[in-house]
Amino acid sequence: MTADNILTVDGLSVSYGKFNAVQNVSFSVRKGEIFGLLGPNGAGKTSTLSAVEGLLKPQAGTIVVDGNDAASKPLHARASLGVQLQSTSFQTELFVIEVLQLYAGIYGVPASKSDLMATLREINLEDSAMKKFGELSGGQQQRVSLVIATIHNPRLVLLDEPTTGLDPQSRRQLWERIEAIRERGHAVLLTTHSMEEAESVCDRIAIIDHGRVIAIDTPQGMIDKHKSDPEVIAVSRRGRITLEDVFIALTGKAIRS
Amino acid sequence: MESSIPKISTVLKTLLRSDFTTQWRNRRAVILTLIVPIIILTTWKPFVAQLGGPFVLSNSITIGLVAIGLMGYSTSIARDRDKGIFQRLRVAPISSWSIMTSRLLVQMAMILMVTTAVFIAGSSYDQVTLTPAGYIVTYLTAVVGGALYLSIGQMIVGRIQNPETVNSTVRLVYFVFIMVGMFGQFSTNAELHNIVHWSPYGTVKTILASGMEPAKWDNDASMALLVTLGYTIVCAVLGIKWFKWNTK
């Protein structure tokens, strides 16, 4: 681990019974970096993220978050993490402002109601403070989820497919918010199916398939490295090599479950 | 806003405020939990003269406790687990036990509320009053009895993942408890009477009735208390062992 790394995953393996979802995965996320985990369905992205979040106990490997070993100091590791899960749900009976109060409290953030209202104002949801989370649109829910994920100013933000189901406007807005997190000096680890998203916002990406990391590089570096591969040229559709062409060539054309 | 590990007291206070708010917004379910014991109390008024106030009050409280443990606790846990609410909480720097402690404390408050409501209704409608020691011991035995039904609820929600199946299962178990527990004790069949007496319904009813008259607490009540604690430990251990925080 170098001093620049905010997250170091080394030799991570996760199994569900006899099925090995993640096998000997290693990567690191540097300070001020947006790192993307790309892979087909069932490749092991969410399992990797769940292990980092502390929701899954890995069979092997180490995870170090901001200098804290996730196995021996789980609370310290989780305190440095902000998390947006794939399908986020909050207590359905609570108003948005109450959900924010709940998460400010459990992250130990001394935020008053007016502080939280100001936070909602920043994301144009001040008028929704007394609405229940389920009454918000998909884009509004994502904004609230991201605010909650970053309410304690974490060193590393984990986003599991954050733009799934969003319209282009909401997606662009979310990208800007993710980039704003990086500009504050924090790191972001996100999973995505979208090659456009990976190319647009990620500084580096790792392609994961069948539970193994098969490539790590910058998006452009990955294109440059593989653009002459016959498999990549064979799957290219637009006359120029894109990240999606490289991804398809590396992971195969077969549809995953 | 800097990250830090929050104090346990701050976490519990925050979780409790959230869980009590949720409970308050589910007032209809709370009222239903209170109404059934009160209905039993009022319809069984004729039994007060024949079988005594503690008999009627203990049955009413037992039904209330069953409703809290099965209908209230397990269905809310199954629903929140299915929606991923627990997973979201568990990625925060808080221990899993603090999440459950908060949930259980809310149910404990419900147990005290049901017991108090039965006391008030029993006093005003059936003119059944207890000694101060009787009230205190009954509150304690209600907590012990409530813990048994919460542990049964935990076992059900541990074994069954689907919230709809949990919902229908607890309704069925609740119905069985009412039918077998309440009416089985009137059976003239000695074997059935004995089974009901030592069932989770019967032992809780016994310690509640005995607690209402502490001076009459006997070996049968002590044995019922031990059996209740035994049931609670077994169900809680199995419920915790089987429990999964998510349904995926």
Side-chain angles (χ1 to χ4, degrees), chain A residues 16 46-47 49-50 52-56 65-66 68 73-95 98-99 101-111 115-116 119 132-134 145 147-156 158 160 184 186, chain B residues 1-31 72 75-103 106 161 163 243-248:
Chain A
Y16 303 101
T46 297
S47 294
L49 223 56
S50 295
V52 175
E53 290 157 355
L55 293 175
L56 285 177
V65 183
D66 196 20
N68 299 299
K73 294 166 96 176
L75 295 188
H76 285 86
R78 292 211 294 267
S80 302
L81 293 177
V83 178
Q84 185 179 352
L85 298 175
Q86 200 174 93
S87 52
T88 294
S89 184
F90 299 105
Q91 285 78 343
T92 45
E93 292 84 359
L94 299 183
F95 298 129
E98 291 169 336
V99 174
Q101 282 175 322
L102 167 66
Y103 281 90
I106 63 177
Y107 279 102
V109 178
D115 292 336
L116 298 174
T119 305
K132 290 176 180 169
F133 185 75
S145 299
V147 157
I148 288 171
T150 55
I151 201 164
H152 56 302
N153 206 13
R155 307 292 304 275
L156 172 65
L158 307 181
D160 198 357
R184 292 202 299 269
H186 304 308
Chain B
M1 294 187 186
E2 287 299 326
S3 64
S4 60
I5 297 178
K7 288 180 185 169
I8 290 172
S9 57
T10 308
V11 168
L12 270 179
K13 199 173 87 177
T14 308
L15 287 171
L16 278 170
R17 186 172 60 186
S18 156
D19 289 340
F20 272 111
T21 304
T22 299
Q23 190 76 8
W24 174 247
R25 302 238 165 96
N26 281 322
R27 285 189 293 278
R28 207 171 64 171
V30 173
I31 289 167
T75 52
S76 70
I77 294 288
R79 184 199 60 183
D80 287 357
R81 177 176 60 183
D82 190 59
K83 286 184 173 173
I85 290 168
F86 287 137
Q87 292 297 73
R88 186 61 193 82
L89 288 171
R90 288 178 68 227
V91 297
I94 60 174
S95 54
S96 298
W97 66 261
S98 59
I99 299 170
M100 276 303 172
T101 300
S102 171
R103 295 293 176 114
V106 171
Q161 301 289 308
F243 186 73
K244 288 188 174 65
W245 286 96
N246 69 73
T247 53
K248 307 252 174 355

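Below, read A as the first sequence line, B as the second, and so on, with proteins coming before strands; counting in each chain starts at 1.
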> If you count heavy-atom pairs under 4.5 Å between each of Q87(B), K13(B), R17(B) and chain A, which one has the most?
Replying inline: Q87(B)

> Which atoms of L89(B) come close to chain A, meaning under 4.5 Å heavy atom to heavy atom: side chain ones, backbone ones, both, or neither?
Replying inline: both

>> If you apply the rule side chain to side chain contact (heavy atoms under 4.5 Å, CB included), what do you find for Q91(A) with S18(B), and how did you get there?
In response: CA-CA 8 Å; Q91(A) 285 78 343; S18(B) 156; 4.1 Å; yes

>> Going by the rule ring-ring contact (aromatic ring centres under 6.0 Å, His included), which residues pair with F243(B) if we only count those two or more places apart in sequence or in a different chain?
In response: W245(B)

> For E93(A), which residues count as a side-chain hydrogen bond (donor to acceptor under 3.5 Å, both in side chains) partner, sequence neighbours excluded?
Replying inline: N26(B), R79(B)

>> Under a 4.5 Å cutoff for heavy-atom pairs, which residue among I85(B), V11(B), T21(B) has the most contacts with chain A?
In response: I85(B)

> Should I106(A) and L15(B) count as side-chain neighbours, where that means a heavy-atom distance under 4.5 Å?
Replying inline: yes

> Would a 4.5 Å heavy-atom cut-off, applied to side chains only, mark P93(B) and Y107(A) as touching?
Replying inline: yes

> Crowded around R28(B) CZ? As in, over 12 foreign heavy atoms under 6.0 Å?
Replying inline: no

> Checking L94(A) against chain B: side chain, backbone, both or neither under 4.5 Å from a heavy atom?
Replying inline: both

>> As an exercise, state the distance from CZ of R25(B) to CZ of F95(A), rounded to the nearest 0.5 Å.
In response: 4.0 Å

>> Donor-acceptor check, side chain of R78(A) to backbone of R90(B), threshold 3.5 angstrom: yes or no?
In response: yes

> Which atoms of E98(A) come close to chain B, meaning under 4.5 Å heavy atom to heavy atom: side chain ones, backbone ones, both, or neither?
Replying inline: side chain

>> As a quick check of understanding, evaluate side chain to side chain contact (heavy atoms under 4.5 Å, CB included) for L81(A) and V91(B), giving each step before the final call.
In response: CA-CA 8 Å; L81(A) 293 177; V91(B) 297; over 6 Å; no

>> side chain to side chain contact (heavy atoms under 4.5 Å, CB included), that's the test. Do I148(A) and R88(B) meet it? Break it down for me.
In response: CA-CA 10 Å; I148(A) 288 171; R88(B) 186 61 193 82; 3.4 Å; yes

> For Y103(A), is it the side chain, the backbone, both or neither that has a heavy atom under 4.5 Å from a heavy atom of chain B?
Replying inline: side chain

